[in-house]
Each structure stands twice: as structure tokens, then as C-alpha cells.
There are 2 protein chains.
Amino acid sequence: MTSDDSPNAPVRTVRADVRRNRARLIAAAREMFQRDGAGASLEGVARLAGVGIGTLYRHFPTRQDLLEALLADAYGELAERARELAESPSPGDALLEWLRAFVSGITAFPGMAAAAVVSLGGERGEASRPLREAAAVLFDRAGESGAVPPGTALGDVLRLAGGIATVTERDPEAADRLLSLAAAGMIPGAAAAPR
Amino acid sequence: MTSDDSPNAPVRTVRADVRRNRARLIAAAREMFQRDGAGASLEGVARLAGVGIGTLYRHFPTRQDLLEALLADAYGELAERARELAESPSPGDALLEWLRAFVSGITAFPGMAAAAVVSLGGERGEASRPLREAAAVLFDRAGESGAVPPGTALGDVLRLAGGIATVTERDPEAADRLLSLAAAGMIPGAAAAPR
DNA sequence: ACCTGAACACCGTTCAAGT
DNA sequence: ACCTGAACACCGTTCAAGT
């Protein structure tokens with residue numbers, strides 16, 4: 001729950017007040033984003049954190065950087081869940097169950113899922129590395145057991161789940177339905193190739 | 001191509017300058033959104049249309065209203081395409097082909113797909129009515145032929161396709177891959193029920 | 001090194017005045 | 001009826017001064 005264990009926690013050589021400012025900014029951002037969505041006023045975040053707006057920009061040059069600091073915590077929990085589920089005797093079911101947790105975990109506030117899609121697909125994408133590595137184990141087991149169609153890429157599965165999360169962020173029941181639909185297939189027998 | 005045949009075209013009793021202003025605003029919005037995305041400056045749209053900003057707000061009280069005027073044109077073309085494809089002897093393939101056209105048609109600029117998801121799911125959703133009615137015929141034929149799993153709702157199919165469009169708006173090849181994946185099923189044999 | 005917050009730029013939205 | 005655009009409010013971002 002605290003952000004000190006997250007992958008982008010400060011290294012130990014930094015000044016105490018710097019580390020404290022960073023933690024306060026993250027806590028304030030979580031509160032503001034949960035209330036107003038990912039577009040919440042950054043000035044408001046700085047005010048709530050009790051620091052100047054310049055300090056916010058020093059720590060997080062872009063809004064996406066701030067969002068990724070929050071995502072990193074969610075990713076940590078989801079990576080842990082993936083490791084647990086990788087032991088399941090039914091890898092296909094386990095993958096689907098994890099995808100439900102993934103969608104749920106990246107929809108804590110409006111706009112979070114869109115930021116997740118950026119962080120998962122981006123070139124830098126440092127924040128999502130642990131998530132992708134843990135998910136890969138689960139995904140590979142599902143593939144070996146034949147639960148996933150040959151040639152399917154994990155990146156596409158995550159992006160598809162991210163898309164579902166993006167359009168259902170206010171409606172968890174719809175998220176479940178769309179995920180079931182995409183898992184089972186909307187048109188299972190159709191010719192896959194376009195044109 | 002012109003917007004005079006769109007479902008929200010002005011009725012014939014309005015003053016000529018009002019109709020002209022409306023058409024100019026839509027043309028200007030199309031140009032600005034294509035260049036800068038759905039978040040383009042509304043002041044810039046009004047300037048390009050050669051009208052005051054107040055006139056823009058009188059015609060389109062919200063940004064979503066303006067976006068839906070553009071979507072209405074795309075929906076008209078997609079409805080026509082659905083009517084053609086409803087005659088296909090292979091309704092499942094036809095539905096998938098139409099979904100590709102749908103995703104492509106609502107990604108003319110960044111942010112268009114998100115507006116489409118709102119217009120498809122919203123309570124008012126006037127703009128999307130013709131689209132949904134034409135798609136329903138195609139969808140029902142696919143259902144009758146057994147190409148779509150029993151109990152599947154068209155609204156969920158459209159929302160899922162909208163989600164794919166949202167996360168692939170800059171990458172048409174990814175859109176094709178994700179659509180194929182969701183059509184065939186990510187995990188075809190997994191237990192569908194959560195928990 | 002880091003923090004502060006004033007200053008600048010820009011945009012959304014309203015509404016009194018005009019036609 | 002409709003149009004205009006000044007006026008207001010608000011926010012993002014930078015950077016000179018301070019510690």
C-alpha cells in the first residue's frame with residue numbers, strides 16, 4: 001500500500017526532504033486523481049502535497065510520469081498475482097482470471113487505463129517491465145497448454161485488455177462481459193484474415 | 001462527403017446564414033481535429049470557420065456535440081456498408097469485415113473513437129441510431145447462422161470494437177490484429193464465468 | 001541541489017451589446 | 001433570432017530568486 005516499495009522508489013542517497021516530497025506528491029496525486037480523474041489539476045496536486053508547483057514538475061516532468069508512479073504500485077500487485085496464478089493447474093483459466101484482475105487494477109480512476117496503455121506500449125515503459133515479465137510466465141504456460149491460439153502475442157493481449165478497461169472504466173460489470181466476450185471470441189469461426 | 005445529407009442536417013425552415021454557419025463549423029472542426037486531434041482549440045475552429053466563438057457554442061454546446069456531428073457522417077457510411085454486407089452468404093465473415101470498417105471509420109483522428117464510444121453508449125445517442133439499426137440486421141443474421149455465441153449483445157460487440165479502436169488509433173495494423181484476436185478469442189476454452 | 005511562486009501564455013465559457 | 005467578441009476564470013509550464 002505504501003509507495004516506498006514500488007519499483008521507482010527513491011534511491012537511498014537522496015536527501016530526506018526530497019524523498020518526502022516525492023511520497024507526498026504521489027499520495028496527493030492518488031487522492032486528486034481518484035476524485036477528479038487523470039485530468040485533475042496539477043496545481044491542486046501540488047497544493048494538497050504542500051509543495052510548490054515547480055517541485056511537482058521537477059519530480060514529474062509530465063502528467064504521464066506522475067500517472068506511471070501510481071501505475072507502478074498497481075503493477076507490483078498484479079505481478080505478484082501473476083506469479084501466484086502461474087502455479088495454477090489450469091493455465092487458461094488462470095490467465096483469464098488474471099486479466100480480470102488486470103482490468104480491475106488499472107481502472108481505479110477515469111483516465112488510468114489510458115495511461116496504462118501508454119506505459120505498456122511506450123518505448124521507455126520502465127514502469128511496466130515487472131508486470132510484463134510476470135505476466136509472460138503465466139501467458140507462456142497458457143500457450144503451452146494450448147489455451148491461447150498459436151502466434152498470439154502477449155503485447156496484443158495486454159493492449160486488448162487495456163482497451164476493454166478504457167471503455168468500461170465506470171462499469172465493472174461491462175468490463176467482465178467484454179472480457180468474457182473477447183476471451184471466448186465474438187465470431188469464433190470467421191475467417192481471420194482481413195480483405 | 002458533404003454533411004447536408006447527414007441525420008442532423010438543419011431543417012429547411014432555418015435561415016440560410018445559420019445553415020451556412022453550421023456547415024462551416026463542421027468543415028472547420030473536421031480540419032482542425034484531423035490536424036490536432038479531438039482536443040483541438042475550439043477558438044481555432046471558430047476562427048477557421050470565420051464565425052465568432054459564441055456562434056460555435058450556440059450550435060454545439062459541448063465538444064461532444066461537435067464530435068457527434070462529424071461522427072454522424074461516418075455512421076451514415078457505415079450503416080450503408082452494413083446494409084450491403086447483410087446480403088452476404090457468409091454472415092459471420094461479413095460481420096467481421098464490417099467491424100474492421102467500423103474501427104477504421106471511427107479512427108479518422110485521435111480522440112474520435114472515444115467520442116464514438118460515448119455516442120454509442122449514451123442515453124441520448126441520437127447520432128448513432130441509424131448505425132445501430134443497420135448493424136443490428138447484420139448482427140442478427142450472424143447470430144442466426146451460429147457465428148456469434150448465444151446471448152451476445154450487439155452493444156457489447158460495438159463497445160469492444162470501440163475499445164480496440166481507442167487503443168490502436170495510430171496503428172491500423174494493430175487494430176487488425178486485435179480485432180482478429182477478439183473475434184477468434186484470446187482464450188477460447190477458458191471458463192467464462194468470473195470467480 | 002532543491003524549492004518556491006510569480007509571471008506568462010493559452011484556452012474554455014459566458015453574456016451584454018449589436019444586427 | 002442570431003451573431004459577436006470582450007471579459008472572466010482557470011490551468012499548464014517556465015524560470016529567476018531564494019535557501
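First the proteins, then the strands, lettered A, B, ... as listed; each starts at 1. Owing to the predicted nature of the structure, the values given are computational and were not obtained by experimental measurement. Hydrogens, waters and symmetry mates play no part in the numbers below; they use all other heavy atoms, side chains included.
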Can you tell me how far P of D:dT13 sits from CG of A:Asp65, to the nearest Å? 11 Å
Measure from the side-chain N and O atoms of A:Asp171 to the backbone N and O of A:Thr168, and report whether any donor-acceptor pair falls under 3.5 Å. no
Taking a hydrophobic cluster as the set of Ile, Leu, Val, Met, Phe, Trp and Tyr residues connected by side-chain heavy atoms closer than 4.5 Å, whether directly or through intermediates, do A:Val137 and A:Trp98 fall within one such cluster? no
Could you check how far CG of B:Leu42 sits from C1' of C:dT13, rounded to whole Å? 10 Å
Length of the line joining B:Arg24:CZ and D:dC2:P, which is rounded to integer Å: 17 Å
To the nearest Å, give me how far apart CG (A:Leu25) and C1' (C:dC2) are. 13 Å
For nucleotides 4-6 of chain D, tabulate all protein N/O to nucleotide N/O atom pairs closer than 3.5 Å, reporting atom names and distance.
from	atom 1	to	atom 2	distance (Å)
D:dT4	OP2	B:Gly52	N	2.8
D:dT4	OP2	B:Thr55	OG1	2.7
D:dG5	O6	B:Gly54	N	3.4

Under 3.5 Å on both distances, the Watson-Crick or G-U partner of D:dA1: C:dT19
What integer distance in Å separates B:Arg20:CZ from D:dC2:C1'? 13 Å
Which base sits across from D:dA7 as a Watson-Crick or G-U pair, both distances under 3.5 Å? C:dT13
Scanning both residues in full, the closest heavy-atom pair of B:Leu71 with B:Ser119 reads CD1-OG, 4.1 Å
Does this structure show an ion pair linking B:Arg100 with B:Glu97, if we count only N-O contacts that are shorter than 4.0 Å? no
Side chain of B:His59, heavy atoms from C-beta onward: which of D:dC3, C:dT14, D:dG12 has the nearest atom to it? D:dC3
Using whole Å, report how far CZ of B:Arg22 lies from C1' of D:dC3. 17 Å
Within this structure, what is the CZ-to-C1' distance between B:Phe60 and D:dC3, rounded to whole angstrom? 15 Å
How many Å lie between CG on A:Asp36 and C1' on D:dC10, as a whole number? 14 Å
Among C:dC3, D:dT13, C:dT14, the nucleotide that comes nearest once only the side chain of A:Tyr57 is considered: D:dT13
Are any of the side-chain heavy atoms of B:Leu66 and B:Leu42 separated by less than 4.5 Å? yes
Quick one: salt bridge (Lys or Arg N to Asp or Glu O under 4.0 Å) pairs with a partner in residues 139-157 of chain B, sequence neighbours left out? A:Arg177-B:Asp156
Any A:Ile187 side-chain heavy atom under 4.5 Å of B:Val157 side chain: no
